[in-house]
Each structure stands twice: as structure tokens, then as C-alpha cells.
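Report on one structure; see the data block that follows.
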Amino acid sequence: MAHKLNPEYIISTMEEGGAVAGGLPYYEKRQAQLDLTEMVVTAFNEEKIAAAEAGTGVGKSFAYLVPAVCFSLENKEKVIISTATINLQQQLFEKDIPMVAQALDKNIKAVLMKGRANYLCRRRLDDALKEPELGEEVVEMNRIAQWAEKSGTGSRTELPFMPHEGAWAKICSESDSCMNNACPWRERCFVTALRKEASDANIIVVNHHLLFADLAARFQGAGYESAVVLPPYRRLIIDEAHTIEKAATSFFSQEFSSTGIFALLGRLYHRRRQGRRGLLVKLLSDEAALDRLTTGMEKIRTCTDELENAAFQSCGIEGVLRLSPYGNGGGYESALFPGFRALAKSILAFTSTVRETTENFDEEEGGDPLMWELKIILRRLDAVAEICAAFPEYRSKQNEVLWLERKFHRSGRPTVTFTITPLDLAHILKSSLFSPNKTIVCVSATLAVNGDFGYWAARCGIGETENRQFVSGCFPSPFPYSRAVLLAAPADAPLPNEDGWQDFIDQAVAQLISVAGGSALVLFTSYQSLSSAWTAAQNVLQPLGIRCLKQGEDDRSRLLQSFLSDKSSVLFATDSFWEGVDAPGDTLKLVILCRLPFRTPGDPVFEARREAVEKNGGNPFMELSLPEAVMKFKQGFGRLIRRSSDSGVVAVLDSRLIKKQYGQLFLRSLPETRTSFTEFDSILRETERFLWG
């Protein structure tokens, strides 16, 4: 039986004069933080599932860290803390946990664990360095080898330079390529050392993807009592919990593309400067056998190209196609299915031939590491064949979404990704996460819709969890929104489906930014709309010395850094920038939400989930589209106020907010602010007065 925490003691450490509060440079009593702490203590003491919506500035990290640390120390139990972003992981590990340890005068062992691909594999690096004619990569590989001799972790983030993706992919650790005890480098393995560190840690900080990798392995038979990806645990805190369904959807999906297939084949065999290279060349001395296999590989390449070309046509202008089990096939069956079958057949014929050719190889002949790598590549190719075989059977797969999407490779070359995604993750999350574990605390700034957690809980499987107590609560931000924020929406704006809406957006965005003098984040739901508004704004704002940054012109982190370092700049962005942007102070005075963030038609997974709700007699708009849009709307709104001294304007250029009845649900889900729901010209004047006095 676990020792229960003393709630009075825990809370006293966070009140004025308490051990934790005394360690904060600028302490302010926050009742919401104390109330949240009490809920977390209850979840640990009574083995409950808890969900907390904690507004910006509540101090949620300390509210869950202090109980987690105390529980771990008193009961000698690990507590896993999972986050969605690297920034929060680093903050918890490097700042918050050490501060709690110092304040409580406790010896706390915390370990930060990332996905295996973030760590160097010494065996794969050694193999790469032995590869003749590495070309331009040889300098980079040698630099990495020199760094590895001094590194204590082997973590990519500690490299003094950014390695090329292709080079790092050849030498990073991979779960299915790990030789475990058979590895000649096992005594110096970075991942093994990390796992040993984690085995006796109090707190382990991970990301959602790593957590799901562990949960999936346990759910599929590894069990909950032994080490798998993570050491055994039964207590979890999931921060940024609004992303659980998205993270699980990504993890449990299966996909392939021509880029991935060609990379696998290249590891098996390729030519460089008239010389033959690759695993098969190293393993086979029989030229005739090698020729047979290279012929089989060419067949795979040909089939891949033919399938991709057919997919380009089937994706159409939208660039995406879902194979609906309730549709009529739309002509894509005859266009795509022969290609799927041909590719699967060519892959299976090739992998079978390779296995037959190498079945008598022993460790001395083939070399254990080489055979290990070969088996991994064959398994990955077989997995592609399985996906190919599933697509023609799509009508029988009503619990999965089978879809393809045209994307662009870093080189600019278009490619198609073929994906299978679970339709409903609730039962998977219930069985793997919420039912087996004793304490699960989920926190985020956005989990509720007008104070109701029903939508999020149902999507994550909590609603299906029987005989478990579920507690929830909203803990409001202490920031003074009522005087610090003006929320504006123009009553005379055309609706998004009316003529002239984009023209209005183009003019309104430029005018609002001109009044604000820059320092703005403009959020869109479509890249086409973004491009139009950005082009129009350039002509108006450049003469004023306001720099207009556009998503897509640089990678996300560099773009964000450019925005943060130039206080007058403006960032035009879409989907991923609705959350995770932290721009306190004068860097951000104006947030423009051009459209309510309803999912755009054409998202195949979302449309399949809408279809399933309707098929079961539900209302997909009220049960799925609306609550999801409200939660994302709250994320966008939350970009403005990041510190108690921040102030500014949030302008929503979608008049459905005030013209449609459901707009009230968006408004009721926000903190109380000053408002201006009038003609756009009046909003411009009010914005100027609010910002400049």
C-alpha cells in the first residue's frame, strides 16, 4: 500500500514563506495553483485519473512536480512526466526539477529520455566509417566520431553542429536495429547507459511519442512489470495533454513512401563512382547471386514509380485521397490497386530470395552486425508489402482510415505518402494507458469546452474506463485579462463562404498591423489564404519598416527565432503556430485569427471520424467539429498573454463568432476580456487607442 501524501504539507511549501515559494524569484500567491496542487495530491493518494485545464500563469509545472517528487521519494516509485514539446522537456529537466529538489532539500534523481533516433549508435557509426568513399559525409562522420569520444550522452542536441539528416539517419540508434547483448559496442552504448540511469530514477521526463512506444509494447504483450522502452511505472503526469489524440494517431499509424523504399534499397545496394556498395555487396561474393538480387531491386523501384505516378493522378488538385469503405471507388480502384499488388508482389519475391540466399550464413561468414542490419531492412520492406496488401481490402477495414497524400521532399521533389490510421483511438488509449496505470494526471491550458471535459475525455478513452474515478477541474489564469486584452470581431465582415471574404482579410490584416506598428502574429487555417494576405500586406507594411515573415520560407524554429528577435516583425502562419509560440512582452501586441479554426474539408482522418459519428446517429458538427475548433481557438487566443505584464489585442476576422449561435461557445470558453464587436473601422480606432493610449 502506498504511503499517502500530506496535502497540508505539500500546499504549505507553495504558499508564501514555504520552501518552494521561497525559491521563486518573483512569488505571487496563486490560488488556482494551490487548488491544482491539491487535485494532484488527491490523484496520487486515491489512485485517480485527473484532468486539469490550467490557464497561462497558473504555474502548473510546480503544481504537479512537488506532489510527484514527494510521492516518488516516499514510496520509491517512479513517476513519468510526458510532454509534447522539447522546450517544456528541457525546462522541466534543467530548471524546474532542480529548483524543487533544492527547495525541498531532497536528493532527486531525474532523467531526460528522448526517442532512440536522438542518440548515436556506436556500432552504426563504426560501420559507416568503414564504408569506402563516403564522399562529403566523411568529414561530418569523423567530427561526430571525435565528439562521441567526449560525449557523456551521445545525444544529437549536444553536437556542436547540426548534422545532415541523411548522415545522422545512418548512425543513429534504432529500436529494430539494436543487437542488444550481441552488439560488440554494448559496454559503451549510449542508450544502454541511459536506461541504466533511468532504472533507479525518481522522475523520468519523456515525450509523448516515446511514451506511446512504451505503452504499445506493453499492451501488445511485454507486460507492465518489466523494463521495455521505459523502466516499469504506474504513475504518470501528461503535460500538454490536449495533444494526446494527435500524438497517438501519429504513433499508431503505418505509412510508406517512395523516399523510404529507395533509402532502404540504397542501404542494401548502390553504385558510387562505378563501384558497388551496400550490405549485399559486403555479404555476397557470388556475382550471379548479387545480379539476381539487384534485378529484383530494380523491379521494386519500377513498381514504386508506377504506383506513385498513378497516385499523383488520383490525388487530384487537393493532393489527398481517402479510400472510403462507403464510397463507390471513384475510379481509383482500377488506377491504384494493380500498382499496390505489383509492388507487394515484387517486395515479397525479393525479400524471400534474399533470405534464401543468406539462410546458411553463420556469424563467421556473414558477420553478425551485417546480417542483423539485413534482417531489419527486410522486415521494413515486408511491412511496406503488408500496407500495400491492405489498400485493395479497404472496404473490409472499417476501423481504419486508408489514405494517400502528395507531399514535397526537402529537395522539392513531389512524393506520395500512403498511410493507414486507426479510426478510433479511444479503446487503444483506454486499454494501454488509462486502465493499467494507477495515477494519471493530465494537464493543459486547453482541455475543456466551456468548462466541460466531455469531448476530450471521450476522444482519449477516459469515458470508457470503468471502475476508475475521474476528476477534473478548470484552474483559471491569474493574469488580468479583463484590463489587459481587447477581443475584437468586426460585425460588418463578410462570412468566410461569401464573396469578398479574402479581399476583406487582405485589407483588414494590413490595416490592423499598420495601426499596431507590427509586433503581430497572424494565424490562418489555409496556406492559400495566408499567401494572399501576406502578399497584400507586403505592399503596405514594407514601406513602414515592418518585416513580414511567412511560414514556409524557413524552418519553424528559425522562423520563430527571427520573429522573436525583431520586435516590430509580423509572422504569418498556419496550423502548427496556433500553439507553442511563446512571445512575451513587446514582441507580440496583436494576434489576428483570420478564421475560426474548423478543420478544413479534405482531411481524410477527420472526415472518416465525422462519418463514423454520423453513421452512429450522432451530430458530427456538435460532437466533433465544434469542440475541436473551440479548443484550437483557445490555443490561438493564448498566444497573446504569456506574462502578467503582457497586454494587447486579439482580432477575430471571422464574423461567425458574433453572428452564429455557436459563436457563444467560443466566447464562453475564453477568460473575461474587454470586447469590441462593431464595424471594422471602429475596431481600428479602438485598437489604436488600446495599444497606444
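Along the sequence shown, residues are numbered consecutively beginning with 1.
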Determine whether a donor-acceptor pair (N or O, by modelled atom type, separation under 3.5 Å) exists between the side chain of Arg406 and the backbone of Gly316. yes
For the pair Ser519 (side chain) and Lys567 (backbone), establish whether a donor and an acceptor sit closer than 3.5 Å, ignoring hydrogens and angles. yes
Determine yes or no for a side-chain-to-main-chain donor-acceptor pair under 3.5 angstrom, with Glu240 supplying the side chain and Thr85 the backbone. yes
When you check the side-chain N and O atoms of Gln502 and Asp506, is any donor under 3.5 Å from an acceptor? yes
Look at atom CD of Glu672 and say whether more than 12 heavy atoms of other residues, nucleotides or ligands are closer to it than 6.0 Å. no
For Phe62 and Met99 the tightest heavy-atom approach is CZ-SD, 3.7 Å
Classify the ring geometry between His208 and Phe212 as parallel (under 30°), tilted (30 to 60°) or perpendicular (over 60°). perpendicular
Heavy atoms of Pro478 and Val58 approach each other most closely as CD-N, 3.8 Å
Please check if the side chain of Gln102 supplies one atom and the backbone of Pro98 the other of a donor-acceptor pair under 3.5 Å. no
Do the charged groups of Glu628 and Arg609 touch, with an N to O distance under 4.0 Å? no
Do Asp582 and Arg643 sit within salt-bridge range, that is, some charged N less than 4.0 Å from a carboxylate O? yes
I'd like to know if the side chain of Asp646 and the backbone of Gly585 have a donor-acceptor N/O pair within less than 3.5 Å. yes
Distance-only donor-acceptor hits, side chain of residues 446-456, under 3.5 Å, sequence neighbours excluded:
{"from": "Thr446", "atom 1": "OG1", "to": "Gln635", "atom 2": "NE2", "distance (Å)": "2.5"}
{"from": "Asp452", "atom 1": "OD1", "to": "Gly454", "atom 2": "N", "distance (Å)": "2.8"}
{"from": "Trp456", "atom 1": "NE1", "to": "Ala241", "atom 2": "O", "distance (Å)": "3.1"}

Would you say the side-chain atoms of Ser676 and Thr678 include a donor-acceptor pair closer than 3.5 Å? no
In this structure, which one of Val40, Val69, Thr37 forms a side chain to side chain contact (heavy atoms under 4.5 Å, CB included) with Ile10? Thr37
Is Arg656 positioned over the aromatic face of Tyr662, cation under 6.0 angstrom from the ring centre and no more than 45 degrees off axis? no
Determine yes or no for a side-chain-to-main-chain donor-acceptor pair under 3.5 angstrom, with Trp403 supplying the side chain and Val320 the backbone. no
So Phe666 and Phe633, would you call those rings parallel, tilted or perpendicular, with 30° and 60° as cut-offs? perpendicular
Is the count of non-hydrogen atoms from other residues, nucleotides or ligands lying under 6.0 Å from Arg674 atom CZ greater than 12? no
